[in-house]
Amino acid sequence: MIKYLKLFLQGNTKRPEDTKPLDILTIQNTENAVFILDNHIISKNKISYYNCNQDIDDIQVLYFTCINNKPLLFIAGKHNSHIPTSSANFLPTFLYLANTLGFNPNLLTIFEETFGCERNMFIWARKNPSNFVLLESTELTDDILLGYEIQNDTKTFISWEASYEDIISLKEIVKDTPNNEDDLIKYSFNVPVRVGNIILDDFAFYDCDRKNIPVANYFSYCECDKVISKPYSFLKNALLGNNSLQNALIDTEEDKSIIYSTKAKTKDLEFYFSNAYPTDLDAANNRVFFLITNLKEYLSAIIYPEYIIKLSIAHCTTLSGEVYLDMVCYKETPHIYRVPTFIQEISQNRPFIWIDDSNQELGFADHQYTHILLLEDVDYMCILNTTLDNGVVESKLCVKTRLFDFLIPMFTSNAIDLHIFEEQIRKDIPIPFKTSFDDYLYK
């Protein structure tokens, strides 16, 4: 402790040449470097994970941490960033942040000489005003299992069953501008929203390609500026104060390992509260993450579009046995539908693959559902087998598209090795087919 205080109170012991920032043109052309430009902290690294471009005004929390014994500056802003402290020009950049945000620049020395990689070290957190209100019991309408209430003039109540297209069309919804082209599109409410006994100023959800199903997840970052030892505990207890939720709970799970978190689960909904940052960063834990997940299945909503009726089958093949369309991602995939009746008739309700010349599409169907891809997007097909924890071998027929770096599962079976159909598929469907080994080399 004495050593810690000495380091905290002493002046900067770094040599002047260590703190002098490099010429901006030089540093921009330096590999694995960090610098400040137009009020943005920018990290350029050959490992993309360590790249960063964040507006300093958006930074919420700074702390030191380690990943694989590599010391890093963690930045929580509009997204999370990790910058190696070994980056070229790191010290001048850190000193600039200290001066701009108002924290002690000697914290870097303290971390290097006393903390190391043993644990996280808090640096700074933005103090934001509280953005939620807890209602008194006399003001409470216990409807948390039914939906949420927009705090507009008419106090519009929205069901958890409301679809993406219905919610996005509300006048209280604002479409946020993504910071990066890879960011998900976020929609936020421009007025407060009441969820059970809590009124939230911040309430949002991310876009989904499939618009005709209920919103899968809503979330809020709850800020607390009051003197509460654990805002997380305060909000968790407030949530569980909704009697209808308490009565409907089928599972409650609390985790106090890395971050304090609680899951409160009913048959159809899951409510999740957690500190936004690790628990050893107490000074930063005035922010709590609140997530509401709709657990219901909406398979009846995935109606096929009318244009599919006009298909012209140029190539097809029929499989057999316990082979099913992979439906894990149907909520995020707009091209999974209930199988059209005429496909059921052609396939006789068996697993079916076809190429549609009319619409230039590749289709996969079982007796209930179909997954359709544009031919121009398809790169190749392959079969992958995985042994599950229970010893069962899961076999999947996958497609690699030109849109994503990962394989998309089409058919899955826990009873049949799909390799028995490989030659048949190769012969009947003129799409490149790779073996697992080919795929390994390809990647």
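Only heavy atoms go into these numbers, but all of them, side chains included; no hydrogens, no water, no symmetry mates. Model, not experiment: these values are computed from the prediction.
Of the possible polar contacts, one joining the Asn294 side chain to the Lys296 backbone as a donor-acceptor pair under 3.5 Å is found. Under a 3.5 Å cut-off, the side chain of Ser413 and the backbone N or O of Glu322 do form a donor-acceptor pair. A donor-acceptor pair is defined here as one N or O able to donate and one able to accept, closer than 3.5 Å; no such pair exists between the side chain of Tyr164 and the backbone of Arg210. Remark: the backbone N or O of Leu295 is not paired with any side-chain donor or acceptor of Thr293 at under 3.5 angstrom. Asn80 contributes no side-chain N or O that, together with a main-chain N or O of Ala76, makes up a donor-acceptor pair within less than 3.5 Å. In this structure, the side chain of Thr93 engages the main chain of Val34 through a donor-acceptor pair within 3.5 Å. For the pair Ser163 (side chain) and Asp166 (backbone), a donor-acceptor distance under 3.5 Å is present. Side chain of Asn45 to main chain of Ser48: no donor-acceptor pair is present (N/O by atom type, distance under 3.5 Å, no hydrogens or angles). Under a 3.5 Å cut-off, the side chain of Asp201 and the backbone N or O of Pro192 do not form any donor-acceptor pair. In terms of modelled atom types and a separation under 3.5 Å, the side chain of Asp55 and the main chain of Asp57 share a donor-acceptor contact.
Within the 4.5 Å cutoff, side-chain heavy atoms of Phe290 are placed close to those of Phe271. Using a 4.5 Å heavy-atom cutoff, the side chains of Tyr232 and Phe273 are in contact. With contacts defined as side-chain heavy-atom distances shorter than 4.5 Å, the pair Leu72/Thr85 does not qualify.
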Candidate pair Cys222 and Phe289, rule side chain to side chain contact (heavy atoms under 4.5 Å, CB included), full reasoning: CA-CA 6 Å; Cys222 305; Phe289 178 60; over 6 Å; no
Steps toward side chain to side chain contact (heavy atoms under 4.5 Å, CB included) verdict (Asn32, Lys44): CA-CA 5 Å; Asn32 301 339; Lys44 296 172 65 177; over 6 Å; no
Audit row: Ile41, Leu97, side chain to side chain contact (heavy atoms under 4.5 Å, CB included) steps and yes/no: CA-CA 9 Å; Ile41 180 169; Leu97 290 175; 3.7 Å; yes
Evaluation steps, side-chain hydrogen bond (donor to acceptor under 3.5 Å, both in side chains), between Glu394 and Thr386: CA-CA 5 Å; Glu394 183 178 66; Thr386 305; 5.3 Å; no
Stepwise side chain to side chain contact (heavy atoms under 4.5 Å, CB included) test for Leu73 and Ile75: CA-CA 6 Å; Leu73 173 65; Ile75 301 175; 4.2 Å; yes
Ser188 and Asp176: CA distance, side-chain angles, deciding distance, side-chain hydrogen bond (donor to acceptor under 3.5 Å, both in side chains) verdict: CA-CA 7 Å; Ser188 303; Asp176 295 355; 3.0 Å; yes
Criterion side-chain hydrogen bond (donor to acceptor under 3.5 Å, both in side chains) on Thr401 and Asp379, from CA distance to verdict: CA-CA 5 Å; Thr401 72; Asp379 192 357; over 6 Å; no
Derivation of the side-chain hydrogen bond (donor to acceptor under 3.5 Å, both in side chains) call for Asn197 and Asn242: CA-CA 7 Å; Asn197 57 353; Asn242 291 275; 3.0 Å; yes
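Checked against ring-ring contact (aromatic ring centres under 6.0 Å, His included), Tyr218 has the following partners two or more places apart in sequence or in another chain: Tyr148, Trp160, Phe203, Phe205. Partners of Ala314 by side-chain contact (heavy atoms from CB on, under 4.5 Å), not counting sequence neighbours, listed by chain and number: Asp357. In this structure Pro129 satisfies the side-chain contact (heavy atoms from CB on, under 4.5 Å) test together with Asp225, sequence neighbours excluded. Shown here are the side-chain contact (heavy atoms from CB on, under 4.5 Å) partners of Asp207, two or more places apart in sequence or in another chain: Ile168, Ile185, Tyr187, Lys211. The side-chain hydrogen bond (donor to acceptor under 3.5 Å, both in side chains) test applied to Asn128 returns Gln60, Glu223, not counting sequence neighbours. For Tyr50, there are no ring-ring contact (aromatic ring centres under 6.0 Å, His included) partners at least two apart in sequence or on another chain. For the ring-ring contact (aromatic ring centres under 6.0 Å, His included) test, residues two or more places apart in sequence or in another chain that qualify with Phe352 are Trp354. Applying the side-chain hydrogen bond (donor to acceptor under 3.5 Å, both in side chains) criterion to Thr156, with sequence neighbours excluded, gives Asn152, Thr154. Not counting sequence neighbours, the partners of Cys398 by the side-chain contact (heavy atoms from CB on, under 4.5 Å) test are Cys382, Leu384, Lys396, Leu407, Pro409. When the ring-ring contact (aromatic ring centres under 6.0 Å, His included) test is applied to Phe74, the partners found at least two apart in sequence or on another chain are Tyr63, His82.
Evaluation of the salt bridge (Lys or Arg N to Asp or Glu O under 4.0 Å) test over residues 233-255, restricted to residues two or more places apart or in two chains, returns Lys236-Glu254. Applying the salt bridge (Lys or Arg N to Asp or Glu O under 4.0 Å) test to residues at least two apart or on different chains, the pairs with a partner in residues 144-154 are Glu149-Arg194.
Here the closest non-hydrogen pair linking Thr30 and Ala33 is O-CB, 3.6 Å. When all heavy atoms are compared, the tightest approach of Leu269 to Leu145 is CD1-O, 3.8 Å. Ser274 approaches Val288 most closely through the heavy-atom pair O-CG1, 3.2 Å. Ile198 approaches Leu239 most closely through the heavy-atom pair CD1-N, 4.4 Å. Annotation for Asn190 and Lys171: closest pair ND2-O, 3.7 Å, computed over non-hydrogen atoms. Contact record, Val393 with Thr387: CG2-OG1, 4.1 Å, taken as the closest heavy-atom pair.
Interatomic distance, Arg287 CZ to Cys224 SG, rounded to the nearest 0.5 Å: 12.5 Å. The distance from the NZ atom of Lys155 to the CZ atom of Phe157 is 13.0 Å, given to the nearest 0.5 Å. Note that the CG atom of Leu325 and the OG1 atom of Thr412 stand 10.0 Å from one another [nearest 0.5 Å].
Atom CG of Asp389 sits in a sparse spot, with 12 or fewer heavy atoms from other residues, nucleotides or ligands closer than 6.0 Å. Open room surrounds CG on Asn69; 12 or fewer heavy atoms of other groups in view lie less than 6.0 Å from it.
With Tyr330 as the partner, the side-chain hydrogen bond (donor to acceptor under 3.5 Å, both in side chains) test is satisfied by one option alone out of His371, His335, Glu297: Glu297.
At a cut-off of 3.5 Å, with distance as the only test, a side-chain donor of Ser244 or Asp142 sits close to an acceptor on the other residue.
Taking the centre of each ring, Phe90 and Phe35 stay at or above the 6.0 Å mark.
Taking the six-membered ring where tryptophan is involved, the planes of Phe364 and Phe411 are perpendicular, since the angle between them exceeds 60° and thus also 30°.
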